[in-house]
Amino acid sequence: MTALFFSAYYLKVEGEVGADLALRGLDNPLKLWLHGYLGQFFHFTVMGFLSWLMIPVYIYVFLNGKKVGRPVQGVLLFLALFGVLIAVKGFFNHRYIITLLPVYTVIVFHFVGNFLRRNTAVPNPYILLFGFAVFTSISVLTVSFVTHRTDSDWNAIKMKYYKWISARDHKKKIVKKSATPFATINLLNDTTIPTSVFVNELPIFYYYTNLKGIYYNPLYDFYYSAHGKVKLLEDRSDNEVVAYLTDSLNCRFVFTSESKNSFNPRFADILQSRFDTLAKDSYYLLFVVKDD
Amino acid sequence: MIQTITAFFLFLFTNIFCSVTIMLLFNRFNRGESVSRRDAVLFGLGIGPPAVTLMLYYLLLLLPGMHQWFYLFVICITYTIVFFWCGVKEIRMLLPEDPKKIKIKWRLDGTITLAGQKEWVGWKRIFSELSIKPNFYTEGPKIKHGLFLLFILVFVWLWIRFTLQYPLVEHDILEYAVQGMIFAKNLNIDYVTHRFDTATNFYYVGLHGFSFPLLSTWQWLFNLPLGFKTDFFFRLQSGYYFVLIFLQVYILARKFMKRHAIYSLLSLVVVYWFYDMLFDYHIDSYRSYLFFFAVMSIFILLNSPTMVMLVFTALISGLAAFAHSTAALALAFCAPVILLYFPGKIIKRVGVMIVFFTLVVFFGAGHYIIDTLFGTGWVFGLKETY
């Protein structure tokens with residue numbers, strides 16, 4: 001089990017999984033199976049060992065139906081079906097797996113507790129339970145932090161655990177003023193923008209400004225109109241794309257970020273070659289089309 | 001600062017007062033039969049916001065275009081009336097009938113019990129059980145609610161501090177927030193093939209029910225007439241449900257092993273992505289709480305098949321479905337569960353199933369039917385899943 005878990009992080013199996021799945025961390029077929037379809041069992045940073053502990057519970061309940069009672073059977077059938085649903089339809093998002101964490105915790109606690117109470121041969125069962133809980137906790141924590149030991153992941157961990165300690169000035173502005181911590185957003189709010197803005201899949205634009213923006217999906221290269229999706233780059237040269245943005249969509253500005261630009265290298269190249277950087281902050285970029 | 005304080009009062013009204021009101025209403029009809037009064041109130045401390053958003057949904061759908069204060073007034077007055085209709089009596093039921101007759105017995109380990117009573121009752125008793133006396137050399141630890149409350153206080157501190165400092169910046173939460181703001185500005189919910197806002201050209205790509213975006217709507221209905229810009233109420237939700245999940249797990253774990261229930265929380269705190277619910281504004285804690293509540297309701301319904309419990313289970317299941325598509329899809333699994341495990345003859349089970357699904361549609365799942373037939377097409381339409 002441990003070998004399979006580590007292999008998911010360190011081994012790469014060749015194969016296509018699709019750009020969207022790759023962005024979600026399922027970037028090779030092995031990860032797709034272990035962290036995707038079977039994520040309930042092998043994505044330890046999401047569920048710990050709980051799903052494995054549920055297997056004997058399921059077996060026990062369905063073999064001893066009359067003993068456990070129909071309500072318990074009913075709930076476990078529901079949860080089993082839900083688990084299958086997550087595996088089949090929700091495999092791409094680890095957040096769906098975590099829905100089961102609290103309810104599995106209670107069920108495992110109940111059955112483990114019952115087992116320990118009934119087996120009087122077990123010396124001091126509560127100490128055993130406590131020891132098991134501590135061991136499991138340390139194991140899962142260790143695995144979690146070991147597997148996240150890359151620069152970007154350490155930064156992500158630091159952001160998650162320490163952002164509430166941070167005394168950065170831009171965060172305090174949220175409490176004191178209504179300005180946002182982003183220079184690009186503030187520039188958009190302070191400047192009169194005569195045209196629409198081409199927004200690279202960043203809903204923050206619509207939340208913090210009152211401007212109009214064309215909403216673009218860089219991964220699949222389409223923008224959203226009142227009638228649905230419209231392709232941007234397909235069948236157009238770079239010059240035609242810029243002309244389309246400025247003339248047809250009335251967008252001389254592009255609001256984007258480095259990470260969103262990385263989803264579509266051709267779009268990023270067009271921004272670098274045909275647009276000037278108007279503003280930049282820690283996260284976002286604002287481009288304006290170059291005057292010919 | 002004034003905006004933050006008023007948003008906090010909105011939070012107290014929606015999350016605490018409305019939740020307690022609904023659970024007191026449940027207690028009034030349930031009379032402590034299927035589940036104890038106190039457990040029902042504690043477990044249901046998160047039911048207020050989804051119930052408020054369901055009411056708001058119907059008001060915006062059926063009575064669009066009214067003033068923002070109209071929607072606020074109708075919902076606030078409804079909950080206030082319900083509270084006073086059943087609340088005062090039900091709160092009294094939580095207190096001991098005649099405190100003078102109850103003998104209080106001090107035990108050597110520092111805890112107190114009510115002589116002749118098996119269960120703790122009354123608000124005073126909840127707070128009086130704060131006995132912390134770790135003693136690992138006798139039969140198990142003697143730490144009770146005190147350790148749990150200390151545990152919760154740490155996470156409440158983290159939650160409030162994070163919420164005060166960190167703005168909405170992530171993609172998914174902003175999608176919900178923007179759509180909620182659009183509902184508040186337009187004062188209308190309609191079903192269209194493409195959820196495109198002509199004022200901003202924003203296109204909503206979300207597939208799920210409107211419960212979570214309507215929390216943002218609720219906030220902005222309050223903000224817009226006053227000229228406020230705070231989203232503190234909306235930002236508080238993720239952490240609030242994160243804390244409630246701890247409470248849910250602890251309450252249930254105490255049913256199985258009273259003294260060692262605190263260990264059940266270890267499996268939550270060691271999971272790396274669990275902290276995502278606290279340090280990342282998202283819908284996960286909200287829908288996980290509702291899902292857990294729905295599962296527990298189904299269990300209690302199968303155990304105690306009363307009409308009150310059937311209606312309440314349908315309410316929770318509907319609200320869970322209204323929050324997220326996974327719960328909506330999971331509703332289909334309720335059919336085999338009821339047909340196979342509900343007590344009674346098959347005809348009765350079929351009847352219960354029909355009543356259950358009819359109520360669930362009314363309590364929020366109907367959104368998906370309307371959206372599939374007249375709107376975006378839901379999961380059957382040609383859209384990416386988020």
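Labels below follow one simple rule: chain letters A, B, ... track the order of the sequence lines, proteins then strands, and each chain is numbered from 1. Not measured: the values here are computed from a predicted model.
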Residue among B/Thr200, B/Leu302, B/Val337 with most heavy-atom pairs under 4.5 Å to chain A: B/Thr200
Which region of A/Val199, side chain (C-beta onward) or backbone (N, CA, C, O), has a non-hydrogen atom less than 4.5 Å from a non-hydrogen atom of chain B, or is it both or neither? neither
Where is the tightest heavy-atom contact between B/Asn201 and A/Gly213, given as atom of each residue plus distance? CB-O, 2.9 Å
Student check: side-chain heavy atoms of B/Val249 and A/Phe109 closer than 4.5 Å: no
Within the structure provided, determine whether B/Leu329 and A/Phe82 are in side-chain contact (heavy-atom separation under 4.5 Å). no
Determine whether B/Met181 and A/Tyr207 make a side-chain contact, defined as any pair of heavy atoms from C-beta on separated by less than 4.5 Å. yes
Under 3.5 Å donor-acceptor, B/His194 side chain and A/Ala226 backbone: no
Which pair of non-hydrogen atoms, one from A/Pro102 and one from B/Ile245, has the smallest distance, and what is that distance? CG-CG2, 3.6 Å
Heavy atoms, side chains only, cut-off 4.5 Å: are A/Leu100 and B/Phe291 in contact? yes
Is the closest side-chain heavy-atom distance between A/Thr99 and B/Arg287 below 4.5 Å? yes
Do the non-hydrogen side-chain atoms of B/Tyr341 and A/Val75 ever get within less than 4.5 Å of each other? no
Quick one: pull up CD1 in A/Ile98 and OG in B/Ser288 and give me the separation to the nearest 0.5 Å. 7.0 Å
By the definition side chain to side chain donor-acceptor pair (under 3.5 Å), identify the one residue from B/Asp172, B/Asp284, B/Thr326 that meets it with A/Arg95. B/Asp284
Validation row: A/Tyr283, B/Val169 side chains within 4.5 angstrom (heavy atoms): no
Side-chain touch B/Cys334/A/Phe78, heavy atoms, less than 4.5 angstrom: yes
Near-ring test B/Phe202/A/Tyr206, centroid separation under 6.0 angstrom: yes
